[in-house]
Amino acid sequence: MKSARTTFRLALLAALLATSSAMATDGYFSHGYGMKANGMGGVATALAQDSFGGANNPASMVWAGSRFDIGLDWFSPVRSAERSGAGFATLNGKVDSGSENFFIPELGYNRMMRDDLSLGVSVYGNGGMDTNYPQGNFNCGAGAANMLCGSGNLGVDLTQLIVAPTLSYKLSPQHSVGVSPLLGYQRFKAYGLQAFDNAPGFPPFTGSPGNVTNRGYDSAYGAGLRVGYMGRLSDAVTIGASYSTKVYMSKFKKYSGLFADEGAFDIPSNYSVGVAFMPNAAWTIALDYGRINYSGIASVGNPSLPVAPLGAANGPGFGWADVNVLKIGAAWRINDSWTLRAGYNHSDNPISPADVTFNILAPGVMKDHYTAGFTWATSQDSELTGALMIAPRQSVSGSSLFNGVLGAGAAGNETISMRETSLGLAWSHKF
């Protein structure tokens, strides 16, 4: 009972800490969960390095031992949007998002109840749709406007927080399974989208006027499930697999005229498989393949070209395709005190040229992530872990959606681009 109470209290603490998180690498999922994974390109499905199995593979927790992990990651996404070649010169221009610095906490706890049974909790977040573009010098024919022909600053802010209580059990000395209920919380706001709220001079984009923009924050709650398997085939080879259902969320009622299906914004299902190879006591080399099913969420995966009103069941979305994610990482244990890590993460870009306009709000175009990290064991029971991630600039260009409103060529082409850096430090205690 004492362990269960401790787990619950830590989950509440982490939830309070993490509500301002923002992350966008593999679409709007993080490139990794847990600082050790972050330093290895995010690879984690066949590893048991810490108490973040609820985010990676629940079956790993029974191999991780009793431990507590807490850290903080500085994350800096640099986003910009540009329009050029417009027939109306006042529509041309470039703006940069002013939101570039975020501090993202991480927290995990695991307790061995028996040699073959563990109970813990992992707290993690997704997001990254946090943009804030200044109005700029645009004019859509009715005076000063932002890049999407609304008034004032333009942007959105999405946070997704998951608290994952995790039970892990060894079926035998070599094989384990695990399960994590995924308890979700979301917060969202949008502003500067007045042109899509049936504004004068524009088509009736939405079926629910007044519920598109500038409504302040709205919250949603929901649940899903992650299950996992881990098998130690030999002293040198470990395999793992993990699957997460869709996290079914309540609707953003304040934005029922923006998101498809009257404000629905579930978290997509995803899965991963992995293998870790340990040729000797000093080296670990691991590889993960994963897939995130963005197209299964209408408000994310539906094409942005209007075929129905915003907010309708088949209304426009961001046009995101499913993405494949490949992660590879290596760890070198120099001695009992020091371990060095490096990794690479490659993700498909979910955004096509046809959907650039809507994705000015959420330019999740990243593909390549290069990582490095370390762990310093300060004592037998405590360690410090650091991780660095650098993602070079990526961009996508396409014809503006406003060409269909203002006339062919009137709004030219648009380009969204992004680059990222993150740097984090975590402390772990084993007990």
Side-chain angles (χ1 to χ4, degrees), residues 24 26-29 81 126-129 131 148-150 154-158 160 184 186 188-190 192-193 195-198 202-209 211-213 215 218 220 222 224 244-270 291-324 347-365 396-405 411 414 416:
D26 298 331
Y28 65 78
F29 280 35
N126 299 313
M129 292 187 187
T131 47
L148 292 184
C149 295
L154 169 70
V156 295
D157 184 359
L158 171 69
Q160 293 180 339
Q186 294 188 131
F188 176 80
K189 73 173 178 179
L193 295 172
F196 295 92
D197 199 11
N198 297 355
F202 289 89
F205 282 111
T206 182
S208 181
N211 294 308
V212 173
T213 189
R215 296 293 314 277
D218 199 2
S244 171
T245 69
K246 183 185 297 185
V247 181
Y248 296 89
M249 306 296 296
S250 59
K251 297 181 179 182
F252 290 123
K253 292 296 185 182
K254 291 183 180 180
Y255 294 95
S256 59
L258 176 62
F259 291 134
D261 196 17
E262 299 180 337
F265 204 96
D266 296 332
I267 299 173
S269 64
N270 55 93
R291 186 170 177 87
I292 307 171
N293 299 314
Y294 288 118
S295 67
I297 309 301
S299 51
V300 178
N302 282 2
S304 60
L305 183 66
V307 295
L310 285 166
N314 59 339
F318 287 92
W320 283 27
D322 299 339
V323 300
N324 300 297
S347 172
D348 296 334
N349 166 28
I351 301 169
S352 72
D355 298 295
V356 165
T357 300
F358 267 27
N359 282 285
I360 289 171
L361 299 171
V365 297
V396 177
S397 299
S399 177
S400 174
L401 181 68
F402 286 114
N403 285 320
V405 177
E414 293 159 347
I416 53 176

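We're numbering straight along the sequence, starting at 1.
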Is the backbone of [Y] close enough, under 3.5 Å, to the side chain of [X] for a donor and an acceptor to pair up by distance?
X: T131; Y: L361; result: yes
X: Q186; Y: F265; result: yes
X: D266; Y: A264; result: no
X: D355; Y: S304; result: yes
X: D157; Y: K189; result: no
X: N198; Y: F205; result: yes

Find the distance between [atom1] ([X]) and [atom2] ([Y]) and round it off to the nearest 0.5 Å.
X: D197; Y: T213; atom1: CG; atom2: OG1; value: 7.0 Å
X: R215; Y: S256; atom1: CZ; atom2: OG; value: 8.0 Å
X: I267; Y: Y294; atom1: CD1; atom2: OH; value: 10.5 Å
X: T357; Y: N403; atom1: OG1; atom2: CG; value: 8.0 Å
X: D261; Y: N302; atom1: CG; atom2: CG; value: 9.5 Å
X: T206; Y: F196; atom1: OG1; atom2: CZ; value: 11.0 Å

Minimum-distance pair of heavy atoms, taken over all atoms of [X] and [Y]:
X: E414; Y: S400; result: OE2-OG, 2.7 Å
X: I292; Y: P268; result: CG2-CG, 4.0 Å
X: G398; Y: V356; result: N-CG2, 3.8 Å
X: F402; Y: C149; result: CZ-SG, 4.1 Å
X: A260; Y: A313; result: CB-O, 4.2 Å
X: Y255; Y: A190; result: OH-N, 3.2 Å

[X] versus [Y]: any side-chain heavy-atom pair under 4.5 Å?
X: N211; Y: F252; value: no
X: Y28; Y: P350; value: no
X: N359; Y: W320; value: yes

Regarding S295 and D322, is there a side-chain donor-to-acceptor distance under 3.5 Å anywhere?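 A donor-acceptor contact under 3.5 Å links the two side chains.
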Aromatic contact, F188 with F259 (centres under 6.0 Å):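 Centroid separation for F188 and F259: below 6.0 Å.
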